[in-house]
Every structure is written in structure tokens, then in C-alpha cells.
Undergrad: 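Got a structure here, written out as C-alpha cells. Questions coming.
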Amino acid sequence: DEFAPAYNAETKTYQIATAQELAWVSEQAKDGNNFKGKTLVVMNDIDLNGANWTPIADFHGTFKGLASTKAATYPTISNFTVNVEECAGLFGDITGGKLSDFNVRNARITANHYAGAVVGFMHGSGSITNVHVQNSAVTVTPVLNADNKYDDGDKAGAIAGYFCADGTNATMRMENCSATDVDILAYRDLGGLVGCLNGTDAYVGNCNVTDVRVTADTDYDYASNSAI
């Protein structure tokens, strides 16, 4: 494959260095590769140049930036938009994956359900550590169904829309993360870092937000199921 990243079979590690290689990951995921047992390392900053990004779907692996001790020098993935019905973000949905040590900057995420600049829907047993979102926007709007009633418009956060520990002995951890200069707009279940935190052992700690604007959308009235 022309755009396949370098792969070390012994360590089961991919080295992601270009926008084309990151897009290859998205295409592989769409074709059913969940990267379980694999590690993807972002080697440097990646500028997606305003691409209409297809979220990496059903990811089960480890995705991390090249080791660093300062957030300012973590690799940054920047300049992309996502516009899908649900599970919107750099990653669409993650099951039991681990994300760490990278930044997301200038992401514009739009969906009806489950959206974050990093991941829309994350569940199982996993973690997000040292991940930072800057200068981005997440917008989740209700949808008018065939029965003429509104639904969705929920689960929106700067990092994750839905963050859930589910399954036997499952744990979900978000630690040492941040959001700076981010706009969040949704009808319900919205927050600065996470839209909805669920599960008996789901935890967010030692994280911070700066200049994050969280706005509840009042243009729709679920009680009367009509636009206001």
C-alpha cells in the first residue's frame, strides 16, 4: 500500500508521520481492521489541511504521540472537520483502547449524537492520558425523526462525547488532559471535557479547562417535540 506507515512486526508498532498515513489508518478501520494488540505512534505534527475527516472507527488499539515530557512538544494533529450523524471526532468509536501524549488543534466537529474533538464514543476498559484539545468546536444538534419528533442532540465534550466503563471489571480513566479555547454546543449531556461520564469505575482526574464555552442549545423543545 503506497501510504501504509512503517510497521515493526516484532513490536507490533506503526509509525504515523504524514497526513496520508493517518488517513490510511482511517481507511483500514473502515475496512474492518480494529488494530487490536497494535500500537500506533504519531511521530511528529500532522496538518490535515482542512480535510473533511472520516473518523477512525471501532478502534481497539493504542494510539500515542512520540514520548515527550511537555504538552507543548507533544505531536499535534490539526486542521480537520468532521460532519457525520454520530460518533464524531478524530476517532468515531473506541472499545478498550488507550490514547496518550498528543494534541488536537483547530478541529470542527458536527454531529447529532456522540461527538468530541478526540473521540465521539469510548467504552469498555481504556484510558486517555496527556491529551490536549485547543482552538476547536464541537456542535451536536437534535434530529427530527420520521415520526416528527426530535431526538439526540446529546453527548458532546471537548475530548470525548461519551466516556463509559462497561463490562466486567471495566475501568475508564481520563487523566492529565486539557481543553483550551473550545466551543461546545449541544441540547443535553454536554461538558468541557466529557459530555457524559458513565459506569461505576469511570474517572476523570487532574484535568483542566481554560476558555471553554459550554452552551445548552434551547432552539428545540423535547417536551413538546417541536422547534421553538
Undergrad: Are N106 and F80 close enough that some pair of their side-chain heavy atoms sits under 4.5 Å apart?
TA: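 No. Closest side-chain heavy atoms not under 4.5 Å.
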Undergrad: Should the pair D189-K155 be classified as a salt bridge under the 4.0 Å nitrogen-to-oxygen rule?
TA: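 Salt bridge present between D189 and K155.
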Undergrad: Tell me if a side-chain donor or acceptor on R108 pairs with a main-chain N or O of N79 at a distance below 3.5 Å.
TA: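 The answer is no, because no donor-acceptor pair under 3.5 Å joins these two groups.
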Undergrad: Assess, by modelled atom type and distance only, whether the side chains of N103 and H132 contain a donor and an acceptor separated by less than 3.5 Å.
TA: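 Result is no, nothing qualifies.
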Undergrad: Do T180 and V209 touch side chain to side chain, with heavy atoms closer than 4.5 Å?
TA: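 T180 vs V209: side chains apart.
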Undergrad: If only side-chain N and O atoms count, and only distance matters, is there a donor-acceptor pair under 3.5 Å linking H60 with D58?
TA: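 Their side chains do contain a donor-acceptor pair, which is all the 3.5 Å distance test asks for.
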Undergrad: Are any non-hydrogen side-chain atoms of I184 and V212 less than 4.5 angstrom apart?
TA: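 The answer is yes; the side chains approach within 4.5 Å.
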Undergrad: When the aromatic ring centroids of F35 and F63 are compared, is their separation below 6.0 Å?
TA: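 That pair fails the under 6.0 Å test.
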Undergrad: Determine yes or no for a side-chain-to-main-chain donor-acceptor pair under 3.5 angstrom, with S125 supplying the side chain and T171 the backbone.
TA: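 Such a contact is found between S125 side chain and T171 backbone.
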Undergrad: Between D45 and T76, is there a donor-acceptor pair closer than 3.5 Å when you use the side chain of the first and the backbone of the second?
TA: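 Yes, D45 side chain to T76 backbone: donor-acceptor pair under 3.5 Å.
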Undergrad: May I ask you to test the I159-V194 pair for a side-chain heavy-atom distance under 4.5 Å?
TA: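 No - every pair of side-chain heavy atoms lies 4.5 Å or more apart.
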Undergrad: Is a side-chain N or O of S136 found less than 3.5 angstrom from the main chain of A107, in a donor-acceptor match?
TA: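 Yes; judged by distance alone, with no hydrogens or angles, the pair exists.
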Undergrad: Under a 4.0 Å N-O cut-off, is there an ion pair linking D217 with R188?
TA: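 Salt bridge between D217 and R188, a charged N being under 4.0 Å from a carboxylate O: no.
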Undergrad: With heavy-atom distances below 4.5 Å as the criterion, would you say the side chains of Y203 and F163 are in contact?
TA: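 No, every pair of side-chain atoms sits at 4.5 Å or beyond.
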